[in-house]
Amino acid sequence: MKKTEEILKKIRKNTVEIVPEEELIKKLNRGKPLRIKFGADPTAPDIHLGHVVILRKLRQFQELGHEILFIIGDFTAQIGDPSGKSETRKPVTKEKIIENTKTYAEQIFKILDKNRTKLILNSQWFNNWSLEDMIKLSAHYTVAQMLARADFSKRYKQNTDITILEFIYPLLQGFDSVELKADIEIGGTDQKFNLLVGRELQRDFGQEPQVVITLPLLEGTDGVKKMSKSLNNYIGVTDFPQDMFGKIMSISDELMLKYYQLLTDFSLEEVKEQHPRNAKRSLAKHIVSLFYDEKLSRQAEKDFEKIFVGKEIPENIEEIKIKEKTIWIVNLLVKADLVKTKNEAKRLISQGGIKINQEKITDENLDLIMDKEYILQAGKRNFKKIVPLS
RNA sequence: GGGCAGGUGCCGGAGUGGUUAAUCGGACUGGGCUGUAAACCCAGUGGACGUAGUCCUACAGAGGUUCGAAUCCUUUCCUGCCCA
């Protein structure tokens with residue numbers, strides 16, 4: 001009994017809710033490995049630190065002897081999830097899904113134990129479904145139940161459209177739990193409703209309902225909204241070490257503590273004793289080495305110091321070869337892919353955002369004579385080496 | 001099927017015949033401050049043209065009225081509400 005209490009304490013750490021906890025205790029006390037479900041849509045191949053929070057919890061379950069069922073929603077991805085937007089998302093092709101699934105696997109096994117993880121595609125069962133199956137499934141849930149979901153009821157009240165497809169989504173996701181006979185499903189707090197649908201469906205299908213565990217959402221680099229690719233505030237696990245390092249350094253001190261809490265095992269007490277800048281640096285280094293290695297992590301730190309602390313130029317800058325003898329700075333910026341349009345180039349120059357060899361330039365009429373190399377800088381972190389082609 | 005209200009830039013949302021590439025907020029970009037912190041302050045945010053104002057594209061789509069349209073008319077599409 002005491003042992004269960006210890007395990008529970010571990011599981012409770014960093015969770016928001018366990019629904020219901022008594023059932024979890026019951027399941028744990030049976031002493032058998034539990035089937036832990038986690039689902040992801042392979043619409044975009046990048047896993048970011050927000051996912052890592054959940055992956056770490058899954059890893060913890062693995063260490064406690066349980067099995068992870070990592071479900072890839074390839075079937076649902078093919079339909080395209082409108083997720084609150086009226087624009088229909090482009091359907092993802094099969095090839096792309098397979099490719100994304102591969103990338104997913106590579107990324108998640110940086111955290112998860114391969115031997116205790118099953119990768120499952122939900123097309124395995126849904127591809128064989130008939131219309132009859134679907135209609136039968138839809139009878140298991142009511143419109144009122146659906147409207148209980150916060151974002152649905154909000155949109156309903158605001159007279160914005162909700163498609164039936166969006167009602168079907170939670171049902172399909174819930175049915176995955178039935179198919180897998182999941183004991184526990186884990187997700188972010190935003191997934192709570194969908195996870196609970198799984199519970200209801202399992203009960204309807206005569207199974208013991210899964211326990212739902214929700215985890216906090218990690219805010220993105222803006223410090224306000226949840227980390228997501230579409231909001232462009234994410235730190236991807238495949239970001240280049242330098243970018244990953246830089247992005248972490250740019251978060252607020254407050255957010256840093258949350259990152260520490262959710263992404264590492266360090267003690268918060270010790271972190272708080274340090275100077276926030278140093279603490280943030282250790283965090284950045286730790287996370288980079290988690291996804292790359294010590295060496296690249298040190299390199300990222302070094303580059304960071306050079307660029308931002310020492311205001312120097314990083315190593316290994318991409319080279320752009322120029323065959324013209326002289327070139328107008330505005331054209332050069334476009335050619336070097338530092339800006340998208342000439343107007344943008346002129347704008348940046350007038351705002352003092354362009355530097356050549358560390359010198360701010362202000363004259364947008366400047367013609368560069370290409371008799372030597374130049375270091376061209378746009379903003380704080382974009383560098384290109386301009387090389388004459390002779 | 002009938003009636004009504006709407007559709008504006010990345011998002012929210014003004015404007016309802018004329019200095020309107022379109023007020024404002026958010027977001028984003030650049031600069032300042034700093035620990036590249038965050039917060040804050042300032043500036044900017046359709047494109048083309050070698051620099052000078054001119055042109056092109058844009059207020060759901062198409063057509064029309066007008067010297068002139070995001071703004072008026074016709075029609076198509078889309079969304080919501082009410083009635084059936």
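Lettering of chains follows the sequences in order, A, B, ..., and the numbering in each one begins at 1.
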Distance, [atom1] atom - from [M] to [N], rounded to whole angstrom:
| N | M | atom1 | answer |
| --- | --- | --- | --- |
| B/rG63 | B/rG30 | P | 41 Å |
| B/rG80 | B/rC28 | P | 31 Å |
| B/rG61 | B/rA70 | C1' | 14 Å |
| B/rC24 | B/rC78 | P | 35 Å |
| B/rU71 | B/rU65 | P | 15 Å |
| B/rG26 | B/rG53 | P | 34 Å |
| B/rU8 | B/rU23 | C1' | 13 Å |
| B/rG64 | B/rA69 | C1' | 12 Å |

Contact between A/Val211 and A/Leu34 at the side-chain level, heavy atoms closer than 4.5 Å - yes or no?
no

Electrostatic pair A/Lys9-A/Glu5, nearest N-O below 4.0 angstrom:
no

Would A/Arg381 and A/Asp243 pass as an ion pair if we require N to O under 4.0 Å?
yes

If I take atom OH in residue A/Tyr259 and atom P in nucleotide B/rA38, what distance separates them, rounded to the nearest angstrom?
13 Å

I need the CD1-P distance between A/Ile349 and B/rG50, as an integer number of Å.
14 Å

Using a cut-off of strictly less than 4.0 Å between a heavy atom of the residue and any atom of RNA chain B, enumerate the qualifying residues of residues 274-290 of chain A by number.
A/Pro276, A/Arg277, A/Lys280

Who pairs with [N] - Watson-Crick or G-U, where each distance is under 3.5 Å:
| N | answer |
| --- | --- |
| B/rG1 | B/rC83 |
| B/rU51 | none |
| B/rC67 | B/rG18 |
| B/rG6 | B/rC78 |
| B/rC40 | B/rG32 |
| B/rG46 | B/rC56 |

Flag, side chain of [X] to backbone of [Y], donor-acceptor distance under 3.5 Å:
| X | Y | value |
| --- | --- | --- |
| A/Lys247 | A/Tyr234 | yes |
| A/Glu364 | A/Ile349 | no |
| A/Gln202 | A/Ser177 | yes |

Less than 4.0 angstrom between a side-chain N/O of A/Lys342 and OP1 or OP2 of B/rC49, yes or no?
yes

Does A/Asn343 make a side-chain N or O approach to OP1 or OP2 of B/rG47 shorter than 4.0 Å?
yes

Look at the aromatic rings of A/Phe266 and A/Tyr260 and report parallel, tilted or perpendicular, splitting at 30° and 60°.
perpendicular

Kindly assign one of parallel, tilted or perpendicular to the pair A/Phe75 and A/Phe126, based on the angle between their ring planes and the thresholds 30° and 60°.
tilted

On RNA chain B, check which nucleotide each of A/Glu254 and A/Asp367 is closest to and give me the residue with the more 5' one.
A/Glu254

Starting at the 5' end of RNA chain B, which residue's closest nucleotide do you reach first, A/Lys346 or A/Ile251?
A/Ile251

A/Thr341 side chain: which of B/rU51, B/rA38, B/rG47 is closest?
B/rG47

Have a look at A/Ser250 and say if it touches a base, only the backbone sugar-phosphate, or nothing, with a 4.0 Å heavy-atom cut-off.
base

For A/Glu364, answer base if it contacts any base atom (sugar-phosphate contacts may also be present), sugar-phosphate if it contacts only those atoms, and nothing otherwise; contact means non-hydrogen atoms under 4.0 Å.
base

Can you say whether a donor on the side chain of A/Asn331 sits under 3.5 Å from an acceptor on the base of B/rG50, or the other way round?
no

Is the terminal nitrogen or CZ of A/Lys110 (NZ for Lys, CZ for Arg) located under 6.0 angstrom from the six-membered ring centre of A/Tyr292 and within 45° of that ring's axis?
yes

May I ask you to check whether over 12 heavy atoms, not counting those of A/Lys27, lie within 6.0 Å of atom NZ?
yes

Give me the distances for all protein-to-nucleotides 27-31 of chain B N/O pairs that come in under 3.5 Å?
unit_1	atom_1	unit_2	atom_2	d
B/rG30	O2'	A/Gln351	O	3.1
B/rG31	O3'	A/Lys360	NZ	3.4

For residues 333-350 of chain A, pull every pair meeting side-chain hydrogen bond (donor to acceptor under 3.5 Å, both in side chains), keeping only residues two or more places apart or in separate chains.
A/Glu324-A/Lys335, A/Asn331-A/Lys342

